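Comments concern the structure below.
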Amino acid sequence: MAPTTALDEARELLRQFPVADGHNDLPWALRQQVRYDLDARDLATDQSAHLHTDLPRLRAGGVGAQFWSVYVRSDLPEPVPATLEQIDCVQQLIARHPADLKAALTAADMEAARGEGRIASLMGAEGGHSIASSLATLRALYALGVRYMTLTHNDNIPWADSATDEPGVGGLSAFGREVVREMNREGMLVDLSHVAPTTMRDALDTTVAPVIFSHSSSRAVCDHPRNIPDDVLERLPANGGVAMVTFVPKFVLQAAVDWTAAADENMREHGFHPLDTTAEAMKVHRAFEDAHPRPVATAATVADHLDHMREAAGIDHIGIGGDYDGTAFTPDDLHDVSGYPNLIAELLSRGWSKPDLAKLTWQNTVRVLGAAEDVARAERSRRGPSNATPAQLDG
């Protein structure tokens, strides 16, 4: 019998405790590429020419639960209907592939999907602009199945500051804190990826439920404003939250941070948004890369972040959020959703125990959603829904 390799061990572990990934932008990629024509991007077949994600590669990667991002750009004039279209896309995908995908609203649903050998499919809204400063819209998104909301994307919104914008309200405004309280009451996880450190701290001061970072890494390891400072990581044990490491090279590798700044400027000079992944935009990206080879991240780069995040926050407070189909580039051995075993094998080689890896891949994420549900039951028993407006609270 051939000797067991770390990769064999990783795959076996993922059969028992699959990856519950915090963030995948497939719905936005489908919107951009084919305007939701799911025949043109049939996930039951190999889509590696177009996407990071399809069902065969999710299976190969040991994915057991996926938060599908229902992200829309913050500069869209009508973000709410666009977000509803994204939600509809996820619902269509689940209906189209019932043998592989199962809609999940609760921690119990996640476990049920795992028991059935299906991929639990949850949704997360990426950016508070998706509720247009309306708590009723927030509740409507929850009713439609959205189980987390990232408070901002790359731009400030009227009630919260982004990590990649100039300071606005100094973290969360009074209305922003009311949004957090209403999310607690609904059972919607407060996602602090993309937000400024001031917003992170204000949210932690306000919330009575655990928070998540759906796709963020360590700022101490890579000094990018999208990453999490150590003082915030160190607050997660008291909060009960989970920080999910992302794989995006420009957030995990310092050399890639510098390269990306130059690449983004090149995109703007050619009339494209830096996050544009259409075929025309990618031609511009590739031409720049041919002239200026990009720095290469690997699973070891991501593992460096996890080593540090485990030290700062503890093994019960870390997870995985790859950000597939939301980035132009990926680490060499984490090229697409089939790559998770490579990361687990790297962590095994560093001495991570199998019980610790089970927490990283599955158990922590299930726990944090269940904890948010418990808080919501308590909050709903003591108060009704808020109808506050920014005008009332922020003036």
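Predicted model only: the values in this text are computed from it and were never measured.
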Within the distance-only criterion (no hydrogens, no angle test), does the side chain of [X] pair as donor or acceptor with the backbone N or O of [Y] below 3.5 angstrom?
| X | Y | value |
| --- | --- | --- |
| T260 | A256 | yes |
| N24 | G326 | no |
| T53 | L26 | no |
| S217 | H305 | no |
| Y324 | D336 | yes |
| N184 | T207 | no |
| R118 | P98 | yes |
| T199 | V195 | no |

What I'd like to find out is whether the side chain of [X] reaches to under 4.5 Å of the side chain of [Y], using heavy atoms alone.
| X | Y | result |
| --- | --- | --- |
| V257 | D223 | no |
| M123 | L144 | no |
| D100 | R59 | yes |
| L369 | E373 | yes |
| R181 | R177 | yes |
| L204 | V211 | yes |
| H317 | M309 | no |
| M244 | S216 | no |

In one Ile/Leu/Val/Met/Phe/Trp/Tyr side-chain cluster, 4.5 Å: [X], [Y]:
| X | Y | answer |
| --- | --- | --- |
| F329 | L334 | no |
| M267 | V248 | no |
| V245 | W362 | no |
| L348 | V19 | yes |
| V90 | L43 | yes |

Do you see a donor-acceptor pair shorter than 3.5 Å between the side chains of [X] and [Y]?
| X | Y | result |
| --- | --- | --- |
| Q66 | H23 | no |
| Y36 | D88 | no |
| T45 | Q47 | yes |
| D304 | T301 | no |
| H194 | E126 | yes |
| W68 | S121 | yes |
| D333 | T298 | no |

To the nearest 0.5 Å, tell me how far [X] [atom1] sits from [Y] [atom2].
| X | Y | atom1 | atom2 | value |
| --- | --- | --- | --- | --- |
| S130 | Q86 | OG | CD | 9.0 Å |
| I119 | L55 | CD1 | CG | 6.0 Å |
| R139 | E186 | CZ | CD | 6.5 Å |
| H215 | D191 | NE2 | CG | 7.0 Å |

(message) Go through it in stages, so that I can follow the logic: the residues are M200 and F213, the test is side chain to side chain contact (heavy atoms under 4.5 Å, CB included), and I'd like the CA-CA distance, side-chain angles, deciding distance and then a yes or no.
(response) CA-CA 10 Å; M200 298 175 192; F213 292 81; 3.8 Å; yes
(message) Exactly one of D325, L275, D276 should register a side-chain contact (heavy atoms from CB on, under 4.5 Å) with Q32. Which one does?
(response)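 That would be D276; it is the only one of D325, L275, D276 passing the side-chain contact (heavy atoms from CB on, under 4.5 Å) with Q32.
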(request) Please work out which of the three classes, parallel, tilted or perpendicular, describes the rings of H153 and Y71, given edges at 30° and 60°. (result) tilted
(request) Look at the rings of H52 and H335 and say which category their plane angle falls in: under 30° parallel, 30 to 60° tilted, over 60° perpendicular. (result) perpendicular
(message) Looking at W352, I'd like to know if the NZ or CZ of R310 sits under 6.0 Å from its six-membered ring centre while staying within 45 degrees of the ring's axis.
(response)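 Geometry flag: set, cation within 6.0 Å and 45°.
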(request) State whether Y142 and R147 meet the cation-pi test: NZ (Lys) or CZ (Arg) under 6.0 Å from the six-membered ring centroid, and within 45° of the perpendicular axis. (result)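 Geometry flag: set, cation within 6.0 Å and 45°.
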(request) Go through D155 and T152 one step at a time and tell me if the side chain to side chain contact (heavy atoms under 4.5 Å, CB included) criterion holds. (result) CA-CA 7 Å; D155 303 314; T152 74; over 6 Å; no
(message) Tell me the closest heavy-atom pair linking D25 and S69, and the distance in Å.
(response)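 The answer is OD1-OG, 3.2 Å.
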Note: [X]-[Y] ion pair, threshold 4.0 Å (strictly below):
| X | Y | result |
| --- | --- | --- |
| D231 | R201 | yes |
| E12 | K354 | no |
| D109 | K102 | no |
| K283 | E280 | no |
| E289 | R286 | no |

